[in-house]
Number of protein chains: 2
Amino acid sequence: MYNSEAMALSAALLAVAGDLTQRIHDGVTARGFADLRPAHGFAFARLAPDGATVTDLAVHLGVTKQAASQLVDEIVRKGYAERRPHPQDARARLVVLTERGWACTRAAEAAAAEVVSGWAGLLGEGEVRALGERLARIAPYGPIKPAW
Amino acid sequence: MYNSEAMALSAALLAVAGDLTQRIHDGVTARGFADLRPAHGFAFARLAPDGATVTDLAVHLGVTKQAASQLVDEIVRKGYAERRPHPQDARARLVVLTERGWACTRAAEAAAAEVVSGWAGLLGEGEVRALGERLARIAPYGPIKPAW
DNA sequence: TCGAGTGGTCAAGTGGCTTGACTATATGGT
DNA sequence: ACCATATAGTCAAGCCACTTGACCACTCGA
């Protein structure tokens with residue numbers, strides 16, 4: 001494969017990713033959560049299952065723990081999450097989503113589904129499924145860094 | 001398709017995009033261009049064919065023209081591009097890549113090819129090609145906004 | 001129990017981006 | 001030919017997310 005093909009693939013991937021981010025954000029805003037930025041979504045994804053500590057979040061987002069702490073301050077202040085004492089470690093605090101946080105997560109899922117269904121209109125449902133499967137196989141394990 | 005599937009697809013796509021950006025940036029740095037940030041790559045992509053004006057660049061990157069002008073200042077100062085008088089419009093200035101700018105662009109292509117070849121090791125060359133084709137079909141036309 | 005390691009916060013500084021204001025040139029209607 | 005409006009670009013100031021540095025509280029193994 002020529003270098004220019006690899007570059008074209010990369011450009012398409014990054015363009016789709018940027019567009020997806022923007023449209024999920026717009027969808028979340030339209031559903032009544034207008035006080036959040038795209039970066040918050042990645043935090044929510046980490047908090048959603050069982051909560052997480054600030055340090056966990058920092059590693060996951062690829063930022064300093066101070067930045068993560070600041071971000072938690074913000075979503076707590078806005079009512080999306082709350083800090084609880086950590087059941088196993090008295091130094092740590094477990095950050096968990098509130099009901100509003102869960103509602104926002106569901107809104108993000110609905111917005112994502114809307115975008116993906118648009119893709120299905122272009123490619124067909126089977127192709128989209130295949131796309132997802134292939135992306136899952138090349139997805140990295142480490143921290144989720146912003147695309148640029 | 002369930003909402004959670006759409007979310008999983010989105011997460012995989014964004015994770016791959018973030019990883020790709022990081023690895024292209026690392027590859028460019030390793031090839032001797034250590035004074036650039038990922039955001040510069042998107043500017044280079046717009047400048048590469050025939051040059052562009054600051055306003056073009058601003059629209060392409062989805063930022064204000066002041067921000068684009070500042071970015072151009074930086075890559076000019078570092079020797080990757082230069083400002084020339086615009087042949088048709090005396091108000092405008094055409095920003096074009098220098099030889100160093102082209103060398104950096106080739107380095108980025110090589111780095112992208114390296115990453116994509118890693119994917120080919122996981123999926124096979126045909127699958128990667130299919131992936132690129134599908135992404136190209138759902139890629140947007142508008143400005144290339146950072147993924148978040 | 002003591003010392004190194006880890007979780008978290010406070011404080012200050014940085015840098016890329018924004019808004020606002022301005023100059024110079026282009027364009028189109030009268 | 002002229003003038004009003006629009007566009008290209010820059011200068012200046014401020015904002016805000018993020019960083020580095022310092023610090024305290026708690027944990028855990030020797």
Side-chain angles (χ1 to χ4, degrees), chain A residues 18 21-22 25 29 34-44 46-47 50-78 80-96 143-148, chain B residues 18 21-22 25 29 34-44 46-47 50-78 80-96 143-148:
Chain A
T21 301
Q22 183 64 48
H25 180 242
T29 298
D35 55 354
L36 293 174
R37 289 173 294 108
H40 295 131
F42 296 93
F44 278 46
R46 188 74 179 81
L47 297 178
D50 304 296
T53 65
V54 166
T55 299
D56 276 345
L57 211 50
V59 171
H60 179 70
L61 298 176
V63 298
T64 60
K65 54 186 181 173
Q66 292 92 323
S69 181
Q70 203 168 303
L71 192 143
V72 169
D73 282 343
E74 188 181 351
I75 62 179
V76 165
R77 180 166 43 78
K78 291 177 176 169
Y80 293 101
E82 56 186 17
R83 294 181 210 253
R84 293 187 182 164
H86 194 289
Q88 272 86 41
D89 190 335
R91 295 170 301 177
R93 318 183 65 175
L94 198 59
V95 182
V96 297
I144 306 294
K145 287 284 293 182
W148 54 89
Chain B
T21 301
Q22 184 64 47
H25 180 242
T29 298
D35 56 355
L36 293 175
R37 289 171 296 107
H40 294 129
F42 296 91
F44 278 47
R46 187 76 179 79
L47 297 177
D50 303 296
T53 66
V54 166
T55 299
D56 277 345
L57 212 48
V59 171
H60 178 69
L61 298 176
V63 298
T64 61
K65 54 185 181 174
Q66 292 92 324
S69 181
Q70 204 168 302
L71 193 144
V72 169
D73 282 343
E74 187 182 351
I75 63 179
V76 165
R77 181 166 43 77
K78 291 177 177 168
Y80 293 99
E82 57 185 17
R83 293 182 211 253
R84 293 188 183 164
H86 193 289
Q88 271 87 39
D89 190 335
R91 295 170 302 176
R93 316 182 63 173
L94 198 59
V95 181
V96 297
I144 306 294
K145 287 284 296 184
W148 56 89

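Just so it is clear, the model here is predicted, and its values are computed rather than measured.
The separation between A/D35 atom CG and D/dC16 atom C1' is 16 Å, rounded to whole Å. The nearest whole Å value for the distance from the CG atom in B/D89 to the P atom in C/dT27 is 6 Å. Between the CG atom of A/L71 and the P atom of D/dC18 there is a distance of 7 Å, rounded to whole Å. Between the CG atom of B/L57 and the P atom of D/dT10 there is a distance of 12 Å, rounded to whole Å. In this structure, NZ of A/K65 is placed 14 Å from P of C/dG5, rounded to the nearest angstrom. To the nearest angstrom, P of D/dA8 lies 14 Å from CD of B/Q88. When the P atom of D/dC15 is taken as reference, atom CD of B/Q70 falls 16 Å away, rounded to whole Å. The distance from atom NE2 of A/H86 to atom C1' of C/dG8 is 13 Å, rounded to the nearest whole Å.
At a threshold of 4.5 Å between non-hydrogen side-chain atoms, the residues B/R46 and B/L61 do not count as touching. Between B/T53 and B/R93 the shortest side-chain heavy-atom distance does not fall below 4.5 Å. Side-chain contact between B/E74 and B/H40 is present, with at least one heavy-atom pair separated by less than 4.5 Å.
With hydrogens and angles left out, the side chain of B/Q66 and the base of C/dG16 share no donor-acceptor pair within 3.5 Å. Residue side chain A/R91 does not reach the base of D/dT27 through any donor-acceptor N/O pair under 3.5 Å, judged by distance alone.
Close to D/dG9, at under 4.0 Å from its OP1 or OP2, lies a side-chain N or O of B/T53. Side-chain N/O atoms of A/T64 include none lying less than 4.0 angstrom from OP1 or OP2 on D/dC18. A sub-4.0 Å separation between OP1 or OP2 of C/dT9 and a side-chain N or O of A/R83 is present. Between B/S69 and D/dG9, a side-chain N or O to OP1/OP2 separation shorter than 4.0 Å is absent.
One end of the helix from C/dT1-D/dA30 to C/dT30-D/dA1 points its axis 30° away from the other end's axis, with each axis taken from 5 pairs and the angle rounded to 10°.
Map A/A90 and A/R37 each onto its nearest nucleotide of DNA chain D; the residue landing nearer the 5' end is A/R37. Between A/A92 and A/D73, the residue anchored closer to the 5' end of DNA chain C is A/A92, taking for each the nucleotide with the nearest heavy atom.
Distance check: B/Y80 OH to B/L36 CG gives 4.0 Å after rounding to the nearest 0.5 Å. The line from CD1 of A/I75 to CD of A/Q70 is 12.5 Å long, rounded to the nearest 0.5 Å. Atom CG of A/L94 is separated from atom CD of A/E82 by 10.0 Å, given to the nearest 0.5 angstrom. A distance of 9.0 Å separates OG1 of A/T29 from CG of A/D35, quoted to the nearest 0.5 Å.
Proximity note for A/A67 (side chain, C-beta onward) versus D/dT27, D/dT19, D/dG9: the nearest is D/dT19.
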